[in-house]
Amino acid sequence: MIQEALEEIARGTAEIIDSERIEKLVTKYYNDGTTYTVKAGFDPTAPDLHLGHTVLLQKLATFQKFGGRVQFLIGDFTAMIGDPTGKSATRKVLTKEDIIKNITSYTQQAFKILDESKTDIVYNNDWLEALGSAGMLQLASNLTVARMLERDDFSKRYRSNTPIAVSEFMYPLLQGYDSVHLKSDIEIGGTDQKFNLLMGRQLQKAYEIKKQQAVLMMPILEGLDGVQKMSKSLGNYIGVIDAPKDIYGKILSISDELMWRYYELLSEMSLSDITKLQKDVSSRTIHPKTAKENLAFEITKRFYNEELATLAKEEFNSVFKAKKLPTEMLEFEMSNGIWVCQALVDAKLESSTSQARRDIKQNAVSIDQVKISDEKLNLETGEYILQVGKKRFAKIKVK
RNA sequence: GGUGAGUUAUUCAAGUGGUUAAAGAGAUCGGAUUGUAAAUCCGCCGGCUAUGCCUUCGAAGGUUCAAAUCCUUCACUCACCA
């Protein structure tokens with residue numbers, strides 16, 4: 001039983017520091033029901049969760065199954081300072097209202113995965129503000145500049161002559177101090193957080209709170225391109241609140257190689273079943289596409305339900321396999337005699353009329369599923385289905 | 001504070017007075033092929049009812065028939081010195 005729990009906990013992790021401690025905590029829970037705390041920090045600047053975040057959330061949920069109490073830490077203090085990495089000085093510092101709004105939407109999404117009753121939401125502003133300048137300086141004395149420059153992304157940026165703001169040096173310290181204040185037993189984060197996570201251990205020791213958190217790191221989930229990490233700004237993400245058909249479709253569009261990665265990090269299928277599936281695919285017993293469809297279905301189902309996932313699957317097959325029209329698309333009204341290119345822009349299918357012209361030339365635009373070639377076409381009264389490429393559709397009514 | 005180098009389109013990066021909307025590469029997008037996969041090949045890749053016109057090369061001025069390219073000021077970045 002305990003063994004099983006530990007295996008589940010270790011699944012998919014990139015690195016665990018002090019796994020003996022995790023073992024002890026879990027064992028204690030099974031022996032006398034004592035719970036322990038698992039901390040994870042979240043930045044309130046990005047209210048849209050994507051699958052990259054869920055890797056972490058799923059791991060937290062696993063801990064919750066085995067006696068962990070999650071400290072869902074909102075980094076509102078650091079958010080209010082503003083991100084020093086952004087070169088644009090104009091970057092908006094978040095107001096209290098913004099943060100509250102973001103958090104509400106954030107937690108709503110997070111509780112699709114986490115058990116709300118075993119989660120404590122905490123805000124680091126509560127104790128970091130009280131720390132004051134003196135406390136801050138004392139904190140800063142725990143670390144040398146040389147040590148700080150050891151951090152991978154700092155040294156990389158330093159070498160490549162990218163600016164590093166001094167305040168950025170404070171981030172790991174503040175994050176570490178959070179662990180001191182919360183007396184966390186375990187902290188989890190992405191591998192890119194290693195330095196910060198270890199800082200928590202170091203500071204807990206320095207502040208003598210009589211425990212040192214175990215650290216569990218999850219790999220960074222690659223985005224749809226399979227190379228860079230999943231992030232909103234790179235546009236290679238699958239959002240938790242994406243429509244079912246988008247989640248389904250986006251997963252099917254990943255490469256086969258990446259599919260296994262997603263299976264490992266996102267699926268709830270047991271590791272041995274995944275290995276078996278992998279074998280079946282390579283021996284051609286199972287078509288890779290089937291494997292991918294199952295994954296897409298499972299994940300869509302997790303964020304919605306079986307019914308909607310089934311619909312998404314059917315929709316996908318009808319649109320892309322049978323080349324039928326999607327059941328739902330945005331509708332727009334236009335006035336009589338509108339120029340096609342303008343109509344495409346107004347229907348948000350194209351960014352500019354120039355782009356629309358180019359796409360028409362490239363044979364990418366269809367009206368009612370018939371490719372058009374005349375870029376000067378004007379539309380008479382009636383209803384049309386405009387399509388650009390394979391994925392973009394809109395219905396327009398010309399009056 | 002001093003000295004030097006730099007800031008080009010979505011990103012990296014050429015271009016040092018005129019055939020420059022600006023080489024090359026990547027990303028995105030589209031076409032072919034497929035399993036809407038990957039790989040590959042090809043095209044497009046500032047805007048405008050458009051064989052032309054307009055706006056872009058950190059910002060603002062200036063020199064010139066002509067400026068991304070020269071000059072001045074400002075902003076930002078980096079390096080070395082202090």
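So you know, we letter chains A, B, ... as the sequences are listed, proteins then strands, and number each from 1.
- Between the C1' atom of B:U11 and the CG atom of A:Asn236 lies a distance of 14 Å, rounded to the nearest Å.
- A:Cys341 pairs in a side-chain contact (heavy atoms from CB on, under 4.5 Å) with only one of the listed residues (A:Asp359, A:Thr353, A:Asp346), which is A:Thr353.
- At a cut-off of 3.5 Å, with distance as the only test, a side-chain donor of A:Thr327 or A:Glu315 sits close to an acceptor on the other residue.
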Identify each donor-acceptor pair in which a side-chain atom of residues 126-133 of chain A lies under 3.5 Å from a protein atom, sequence neighbours left out, and give them as a table.
residue  : atom : partner  : partner atom : Å
A:Trp127 : NE1  : A:Asp178 : OD1          : 2.9

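- Within the nucleic acid shown, A:Ser352 comes within 4.0 Å of sugar-phosphate atoms alone, with no base atom in reach, counting heavy atoms only.
- A sub-4.0 Å separation between OP1 or OP2 of B:G43 and a side-chain N or O of A:Arg358 is absent.
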Result block: side-chain N/O donor-acceptor pairs under 3.5 angstrom for residues 67-74 of chain A, not counting sequence neighbours:
residue : atom : partner  : partner atom : Å
A:Arg69 : NE   : A:Asp120 : OD1          : 3.4
A:Arg69 : NE   : A:Asp120 : OD2          : 2.9
A:Arg69 : NH1  : A:Ser117 : O            : 3.3
A:Arg69 : NH2  : A:Ser117 : O            : 3.4
A:Arg69 : NH2  : A:Asp120 : OD1          : 2.9
A:Gln71 : OE1  : A:Ser184 : OG           : 2.8
A:Gln71 : NE2  : A:Leu182 : O            : 3.2

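- B:C71 and B:G17 have their C1' atoms separated by 13 Å, with the value rounded to a whole Å.
- Nucleotide B:U49 holds its P atom 16 Å from the CD1 atom of A:Ile372, rounded to whole Å.
- Across the P atoms, B:A60 and B:G26 are found 33 Å apart, a figure rounded to whole Å.
- Qualifying ring-ring contact (aromatic ring centres under 6.0 Å, His included) partners for A:Phe320, counting only residues two or more places apart in sequence or in other chains: A:Phe316.
- Comparing B:U11 with B:G46, their P atoms are spaced 13 Å from each other, to the whole Å.
- Both the sub-6.0 Å distance and the 45° axial angle are not jointly satisfied by A:Lys301 relative to the ring of A:Tyr248.
- Glycosidic torsion of B:U73 falls outside 90° of 0, placing the base in anti.
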Donor-acceptor pairs under 3.5 angstrom involving side-chain atoms of residues 371-378 of chain A: please list them, not counting sequence neighbours.
residue  : atom : partner  : partner atom : Å
A:Lys371 : NZ   : A:Asn363 : O            : 3.3
A:Asp374 : OD1  : A:Lys376 : N            : 2.9
A:Glu375 : OE2  : A:Arg357 : NH1          : 2.8

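- Comparing B:A25 with B:C74, their P atoms sit 40 Å apart, to the nearest whole Å.
- Taking the C1' atoms as reference points, B:C42 lies 28 Å from B:U8, given to the whole Å.
- If you measure from atom CD of A:Glu222 to atom P of B:A38, you get 16 Å, rounded to the nearest angstrom.
- The C1' atoms of B:C41 and B:A9 are separated by 27 Å, rounded to the nearest whole Å.
- Rounded to whole Å, the C1' atom of B:U10 lies 8 Å from the corresponding atom of B:A27.
- Evaluation of the ring-ring contact (aromatic ring centres under 6.0 Å, His included) rule for A:Trp339 yields no partner, not counting sequence neighbours.
- Base contact: A:Gly249 has a heavy atom under 4.0 Å from a base atom.
- Between A:Lys65 and A:Asp115 there is no salt bridge, since no side-chain nitrogen of the basic residue lies less than 4.0 Å from a carboxylate oxygen of the acidic one.
- As rounded to whole Å, 10 Å separates atom P of B:U51 from atom CD of A:Glu375.
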Could you go through residues 387-399 of chain A and list every donor-acceptor pair under 3.5 Å that involves a side-chain atom there, pairing it with any protein atom two or more places apart or in another chain?
residue  : atom : partner  : partner atom : Å
A:Gln387 : NE2  : A:Gly389 : O            : 3.0
A:Arg392 : NH1  : A:Leu349 : O            : 2.6
A:Lys399 : NZ   : A:Glu333 : OE1          : 3.4

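- Heavy atoms of A:Ile254 sit under 4.0 angstrom from primed sugar atoms or phosphate atoms, though from no base atom.
- Rounded to an integer number of Å, the gap from CD1 of A:Ile360 to P of B:U49 is 13 Å.
- Heavy atoms only, all atoms of each residue included: A:Gln369 and A:Lys323 are closest at NE2-O, 3.0 Å.
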Q. Nucleotide by nucleotide, 5' to 3', does protein get under 4.0 Å of the base (B), only the sugar-phosphate (S), or neither (-) in nucleotides 21-32 of chain B, counting heavy atoms?
A. --------SBS-
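- Rounded to an integer number of Å, the gap from A:Lys321 NZ to B:G35 C1' is 8 Å.
- For A:Arg357 and B:U49, the CZ to P distance is 7 Å, given to the nearest whole Å.
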Q: Would you sketch RNA chain B in dot-bracket for me? Only Watson-Crick or G-U wobble pairs with both distances under 3.5 Å count, crossing pairs as [ ], other-strand pairs as |, the rest as dots.
A: ((((((((.[[[..)..(.....]]]..((((.......))))..(((...)))...[[[[[..)....]]]]]))))))).
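- Whole-Å rounding puts the A:Arg261 CZ to B:A38 C1' distance at 18 Å.
- Between the P atoms of B:A79 and B:U49, the separation comes to 47 Å (whole Å).
- Against RNA chain B, the stretch residues 285-292 of chain A makes heavy-atom approaches under 4.0 Å through A:His287, A:Pro288, A:Lys289, A:Lys292.
- Cluster partners of A:Ile100: none. The rule joins Ile, Leu, Val, Met, Phe, Trp and Tyr whenever side-chain heavy atoms lie under 4.5 Å apart, and it links nothing here.
- One distance of note links CD1 of A:Ile238 with CE of A:Met230; it measures 4.5 Å at 0.5 Å rounding.
- In the hydrophobic clustering (ILVMFWY side chains linked at under 4.5 Å, chained through shared members), A:Leu137 stands by itself.
- In this structure, a donor-acceptor pair under 3.5 Å is present between the side chains of A:Lys39 and A:Ser179.
- For RNA chain B, the residues of residues 326-346 of chain A within the heavy-atom distance limit of 4.0 Å (strictly under) are A:Trp339, sorted by number.
- A:Ser253 comes within contact range of the sugar-phosphate backbone alone, with a heavy-atom separation under 4.0 Å but no base atom that close.
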